Every structure is written in C-alpha cells, then in structure tokens.
Amino acid sequence: MKVSPISGFPEYLPAERIVEQHFLDVIRETFELHGFPSIETRAVEPVDRLLGKGGDSDKEIYAVSRLAAEESPGDAELGLHFDLTVPFARYVLENAGHLTFPFRRHQIQKVWRGERPQEGRYREFTQADIDVVDVGDLAPHFEAEVPLVMAEVFRRLPIGRMLIQVSNRKIPEGFYLGLGIQDVVGTLRVVDKLDKIGPGKVGDLLVDAGLRREQADQCLALAAIRSEDLSFVDRVRTLGVEHPTLDEGLEALAAVIQAGLDNAPGSMVADLRIARGLDYYTGTIYETQLVGHETWGSFCSGGRYDSLASDGRTTYPGVGISIGVSRLLGLLLGKGLLTASRSTPACILVAVNDEGGRARSTKVATALRARAIACEVAPRPAKFGKQIRYAERRGIPFVWFPPIGETGDQVKDIRTGRQVDAEVGSWTPPPEDLRPQIVRAKEADAT
RNA sequence: GUGGGUGUAGCUCAGCUGGUAGAGCGCCGCGUUGUGGUCGCGGAUGUCGCGGGUUCGAGUCCCGUCACUCACCCCA
C-alpha cells in the first residue's frame, strides 16, 4: 500500500521531536510551578456541544463515527474537539461536585480543525491551556496571574522575546457606547482588521457602516493607543469620551499591566487595538507575538469569559490562555531558527569489539544507565571507524571503548578526538552533553 | 471552504521553443589490518509527487489528483 502524507497532519523527525518535547516539558514544569494541576479530557464531544447554542458553525469540526455503525438515530453524534476550552467547560459541569473552587488546571492536548493548512497552521495541532474558573464570581486578580504564567513559560523557552498584548473588551465597548455608537460588536470586528488593511480603509469601512467621520476617527485614535506602562489610561482620557464601562475596563487593564510591571517587566503591553474574534470574551483579552516576527501572528491568546459554563442554576466565570505549541514549533523549526544538537537522547555509544564482547559492552551500558547517562550499544562490531561514524551521524558526542589488549576502558569525545581512560562507575559527561541541547540559530535581524 | 504558486537524487537546485536525466553538498567503497572528520581515487544516487491524455517521442504541453506554500476566511 502506498504511503503519503495527509495535509495538515504534520509529523516530526526525531530531532524535531526532541525540540517539541523540550517545549512540552518546559510548559508543563512552569504550569505546575504555578500550581496548575493537569487534566486530560477525551478527544470527542457531542457535536451539538461543540457547535454551541448559537449554532454558528464556522468551526470546521471533524465528525467521528464507527465504520460498522448502523443507522441508529439514538446515538449522539461525536466530533473531535477544536479547542480545550469547550471540553473543559463540560468537564467542570460534569465534575463540579468533586472540584474545589476557584479551580485551576492545565491541559496539554491535541485539537483538530478542518481548516485549510498553512505553515504554522494545521488540522491536527497541540495546545497548552491554563484556566482558572470559579463559581458565581471570579476575582479579577486571576486576569493578571494567567498571563504572568505564560510570560514565565516564554522566558524559559529558547526563543526570542515574546510580547503579550493585553486589552479589555470593556474599553472599546464603553468607549463606543460613550460615543453613541450602537453596534459595538460590528465596530469591533471592523477595527480588528487594522493590522491587515490599515487605518485609512478601516476608517472608510466604519463610515460605510454608518458611523460619522469623527466617530470613526475616535475609534481609530483609541485603537492606536499602546503602552508598556500605565500611560495608556491618560491617553484614553485625553480623547474625552466618558462611560462607566470604559472606566471599568481601564481600571481592570491597569491592574493587569501593573502586575506585569511588578513581576515580569517587558513581557506585557497594553494594546487597545486587539479585539479577538471570539465573542465569548467579556473582559481582559490576550494575544502574543514573537518580537521581530509579528507577521507570524499570535502564538498564545485567551481572555476572560463571564460564563465559561453554566448548568442553568450556577454560572462559572473563568479566565484562560492557550499556547499554540504546534504553531510555535512549526514556524521555528520550519524557518530553521531552532534545532536539536542531536537526533537521539543517547549521550554515549558503547562500542562492541566483536560479537563475543557484546556482553561486556552491555554491562558498560547498564552501569552508565544506572547513573542516568543515556547510552546505546553499537549495533555491529564493525571497524571502530564505522562505529564512530555511527555515533557521529546521530550527533552522539561520546564513544566508549571496552577493554582490548593491554588498554582498559576508554572514552572518546569524537568532536575533539580526545580519548581518555575511564571508569564506568565514575566517568561523567559534561552536564551540557548529558541531554540533547536546543540550539538557536543566530538571527540576522537587528531588532 | 475560495483563489494563486510550487513539486526533478538524502539536501539545495539546473534541465532552452517536447528528443531517452545533470551539478554541488551529502552517502557508500578503497587508500587506511580495529579510531571517524582532511586528502586522493572509485561508486550508487531518481517510478522527474501520483494518475490519465496529446505525440513517433513528455521532466518539458493538457486534464485530474495528492502534498507543500501564499492570500482570503478563521484562528493556535
């Protein structure tokens, strides 16, 4: 049977997978460091839950069915989840009695969307989410905490500077209402196109949508405000628009930005241009760009929703943020910005003198492994030149030679050619060689 | 989902208006009778994405299809 790739379902080679696993390890460790336990939800949800109450089904959902299934109208139709928020909301409702609130969790899983793939955009991809959910009310300080966790993740990953752009839905909402604009959502949607079509065209579109020219200009002026400190508040005030919702939004955003300044300076910016397409966000919203690669879009986004879940009696507000792990890796690996120092976890290749000596080599390997040094025994007792090349082609830095003739155990660093007597019980590689390293390519840009 | 671009050796690519497939790097062997990388000599690279069509003849033209990619859409 012929094999061929399936569009949008990427697979990595071992060296790339090493980079991915490093990312996943860092993400998980950081989430846990901040006290977010892990959960995993099933891959499928009932299709009607995925579609939501509104029925706006532009989400390309993969349906799941058994090939042998008969026509049985009773069965619920299942679909693969397209994010981790919808399944999480269901999980909270289902397990509310067993959870303690405010409940925080992290979740790192594959999700599926049937959209047309591009670089950094796939049909099967991994997201890493954290959310905090509470019963009835959610304290606003969580809106500041959640991006700080992500800032820490980015600080620990071997990538350039990530900048989390933060805004609050209430700011444009209150501002528009204060201006007398009725269609808040429609206006937001047009303003959201600023990046793509520029202020001139956005202004025209707003006028086409029924705004007066000065209203449109005010909207553009608001969207242009961006500051890494709290100065955005005064700049909004200068525009002279007043509305209680605007005040709430400014206060909330100021609190988030202040927390960023206190705990992770340089990682956040108040940016009143971002709006987020998703309409369930009701407060703080986040997007994240890699500095110098803004055209790659957002790698991490989320926000506050007043009703993540509701069972009719109780409402669960939440705040969450999600890293697009596959997008990040797809771009960084695809552009050659990241590689692994070797394509195997093995730090040492234990050479084999002859088949009769394999047992001796295996004992060496066992002793090294007992001290947590990853190693592999040579597949064939080939000439040593061949065995060295076997290691070289995989990036394994050391070759261990068992005793032969007069000489005892020796280990060779094949990068320097230096070969020394060694003792299985004590010889230790330099710490940087113990595990594969993630190597960042130098970037030519001077940003 | 809509519309464009691309698809030749492991990699980067060349191949004129259709005439039986090339380079560099890498790979393998030997020089080097247990120690790779340098050097020298030699060797193999391949259903020219896949299928069909036109033609005496298709890598080259046409159609379809798959994959990658770009824009839209949407978003991670």
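Being a predicted model, the structure only gives us computed values, none of them experimental. The chains referred to below are lettered A, B, ... by the order of the sequence lines, with proteins before strands, and numbering in each begins at 1.
Taking only distance into account, the side chain of Glu392(A) never meets the base of G37(B) through a donor-acceptor pair shorter than 3.5 Å. In terms of polar N and O atoms assigned as donor or acceptor, the side chain of Arg116(A) comes within less than 3.5 Å of the base of G3(B) in a complementary pairing.
Using a 4.0 Å heavy-atom criterion, one finds that Gln387(A) contacts no nucleic acid atom at all. Counting any heavy atom pair closer than 4.0 Å across all strands shown, Gly330(A) reaches no nucleic acid atom. Across all strands shown, Lys386(A) has heavy atoms under 4.0 Å from sugar-phosphate atoms exclusively, and none from any base. Among the protein residues, Ala382(A) comes within range of the nucleic acid bases, having at least one heavy atom under 4.0 Å from a base atom. Tyr390(A) comes within 4.0 angstrom of no nucleic acid atom, judged by non-hydrogen atoms across all strands. When heavy atoms are screened at a 4.0 angstrom cut-off, Gly334(A) is found touching no nucleic acid atom at all. Looking at heavy-atom distances under 4.0 Å, Ile404(A) makes contact with a base. Within 4.0 Å (heavy atoms only), Gly120(A) reaches at least one base atom of the nucleic acid. Lys110(A) comes within 4.0 angstrom of no nucleic acid atom, judged by non-hydrogen atoms across all strands.
Geometrically, Arg105(A) engages Phe88(A) in a cation-pi contact, judged by NZ or CZ lying under 6.0 Å from the ring centre and within 45° of the ring axis. Under a cutoff of 6.0 Å and an axis angle of 45°, Arg394(A) and Tyr390(A) form a cation-pi pair. For the pair Arg415(A) and Phe398(A), the distance from NZ or CZ to the six-membered ring centre is under 6.0 Å and the angle to the ring normal is within 45 degrees.
Taking the side chain of Ser7(A) as heavy atoms from C-beta on, and the options C73(B), U35(B), C68(B), the nearest nucleotide is C68(B). The side chain of Gln118(A) approaches A71(B) more closely than any other nucleotide in the set C68(B), A76(B), A71(B). Side-chain proximity of Arg121(A) to C73(B), A67(B), G36(B): nearest is C73(B).
Of all nucleotides present, only G5(B) satisfies the Watson-Crick or G-U wobble test against C68(B), with each distance under 3.5 Å. Both distances falling under 3.5 Å, in either a Watson-Crick or a G-U wobble arrangement, occur for no nucleotide opposite A76(B).
Comparing Phe299(A) and Glu119(A), the nucleotide of RNA chain B nearest to each residue sits closer to the 5' end for Glu119(A). Two residues, Pro117(A) and Pro381(A), neighbour RNA chain B, and the one matched to the more 5' nucleotide by heavy-atom proximity is Pro381(A).
For the pair Arg389(A) and G29(B), the criterion of a side-chain N or O lying under 4.0 Å from OP1 or OP2 is met. Residue Lys383(A) has no polar side-chain atom (N or O) positioned under 4.0 Å from OP1 or OP2 of G29(B). Applying the 4.0 Å criterion to OP1 and OP2 of A76(B), one finds that Thr126(A) has every side-chain N and O outside that range. OP1 or OP2 of C28(B) sits under 4.0 Å from a side-chain N or O of Arg393(A).
Taking OG of Ser38(A) as the reference point, atom CD of Glu32(A) lies at 7.0 Å (rounded to 0.5 Å).
Here the two rings, on Phe401(A) and Phe384(A), have centers that are under 6.0 Å apart.
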